[in-house]
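Just the heavy atoms: all of them, side chains too, but no hydrogens, waters or symmetry mates, feed the values below. Order of appearance sets the numbers: ligands from 1, and atoms from 1 within every ligand. Every value quoted in this text rests on a predicted model; they were computed, and no experiment measured them.
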Amino acid sequence: MSRREEQVNCGLRIVDCGLRATHDANPKSGIRNPPLEAVLERIYAAEMPDRADLETVLRATDDGQLDLLFDFADRVRREFVGDGVLLRGIIEFSNICRNTCQYCGLNRSNVRLQRYRLTSDEILAATENVDQAGIKTIVLQSGEEDNLDADWLRQVVEEIKWRFDVAVTLCVGERSRAEYQAWKEAGADRYLLKIETSDPGLYGELHPGMSFENRVRCLRDLAELGYQTGSGNLVGLKGQTVASLAGDIQFFQQGNFDMVSASPFIPHPQTPLAREPAGDLLMTLKMIALTRIVSRTAHIPASTALGSLHGRDERPEALAAGANVLMPNFTPMPYRRHYEIYPNKRCVGEDAIACAGCMERMVAATGRWVDYSRGDGLR
Ligand code: SAM
Ligand code: FES
């Protein structure tokens, strides 16, 4: 179905499901909100949402307007990805990194961090734990290692696909097209590579020695090679503006990604951004809601960073704002605390099974259910 046909159908569905009716008047403040409702309908219907419209939504602070936004996103979420919440078991297999991302605790200048890389056997044992928990996706994540042996990772992927009925998502940074191709041929299904910010100038400031063009090249290669491809941003980065966040939403729309994440920045003491404030919760939730409205079929995580911000677990808020994925941590316990991309990360002390159980309870409390299927891309 073309986006325009979809627009007509979905516009009708929205009338049917009562969005207009429930939000003609704001029950909390008594203020009527027709302007924001019109803006949301325009964003929903547009081939490419207008940046000024996106900024209007990102600047909204009125309770009634926010209710309208989150309700709209929640209805789109239900319509396009349903009530199930998908689980992805993450295995952080190495914290070694060649990069100096200004916000990231794994950056190579952090000499206080004890570095590790799991052996293939340790990765396979962790995968077995994911499999036994009934979870059908593993995410293999690492820093961007100079010395990562692409053939070693290819063999690990092959072995996992041979032994377990799980989808494999890789998240190991920028690599050559040939390496991406070899891993795809070994059976990797998906790849996550966040753009972090779609503003090339800001990207350059935050990622010394890296290139925005190469990151976009990687995303293009991944999609062309047939990976279900995910991207995303960080909210609250130093120098980021509402305009650049609106640009991120446009970037997600343009990229037509299978997975998109909007997650708050959390300052790490061993980084140049140590003294910067953390990303704002409300702004992150607004980004999740807009992402859902624009990238409707994308799988959107309630990120672990949202579970760790200010020591509170805000993931249920994200699930109510359009998210449909949770990522329990299956990194073996002795290594887990060394994958410190930001401090006070949630679930560092819990074992993997307890972590998955905790997610079952969280999801049940939202009135939804855990979906134990693979949760492939829906595009
Ligand atoms: N090397 C891989 C890559 O570049 O895609 C993946 C590893 S990286 C640690 C995974 C994600 O952690 C990044 O995409 C980034 O958004 C997130 N991250 C890094 N530092 C963070 C921070 N201080 N607060 C929140 N998220 C952070
Ligand atoms: Fe390399 Fe963060 S700087 S993973």
Basic-acidic side-chain contact under 4.0 Å: Glu55, Arg51: no

Residues forming a ring-ring contact (aromatic ring centres under 6.0 Å, His included) with His207, sequence neighbours excluded: Tyr103, Tyr203

Nearest-option assignment for atom 2 (Fe) of ligand 2, heavy atoms, candidates Cys104, Cys101, Cys171: Cys104

Atom of Asp258, atom of Leu378 and distance for their closest heavy-atom approach: OD1-N, 4.5 Å

Evaluation steps, side-chain contact (heavy atoms from CB on, under 4.5 Å), between Leu306 and Glu317: CA-CA 9 Å; Leu306 265 171; Glu317 303 287 323; over 6 Å; no

Parallel, tilted or perpendicular: ring planes of Trp152 versus Phe93, cut at 30 and 60 degrees: tilted

Ligand-side contact atoms (ligand 2) for residue partner Gly143, heavy atom cut-off under 4.0 Å: 4 (S)

Passing candidate, side-chain contact (heavy atoms from CB on, under 4.5 Å) with Leu86, options His299, Lys136, Met259: His299

Table of N or O contacts for ligand 1, cutoff 3.5 Å:
from	atom 1	to	atom 2	distance (Å)
ligand 1	1 (N)	Ser142	O	3.0
ligand 1	4 (O)	Arg215	NH2	3.4
ligand 1	14 (O)	Glu196	OE2	2.6
ligand 1	16 (O)	Lys194	NZ	2.9
ligand 1	16 (O)	Glu196	OE1	2.7
ligand 1	16 (O)	Glu196	OE2	3.4
ligand 1	23 (N)	Tyr103	O	2.8
ligand 1	23 (N)	Ile266	O	2.7
ligand 1	24 (N)	Ile266	N	3.0

Basic-acidic side-chain contact under 4.0 Å: Asp189, Lys184: no

Proximal ligand 2 atoms for Cys97, defined as those under 4.0 Å from one of its heavy atoms: 1 (Fe), 3 (S), 4 (S)

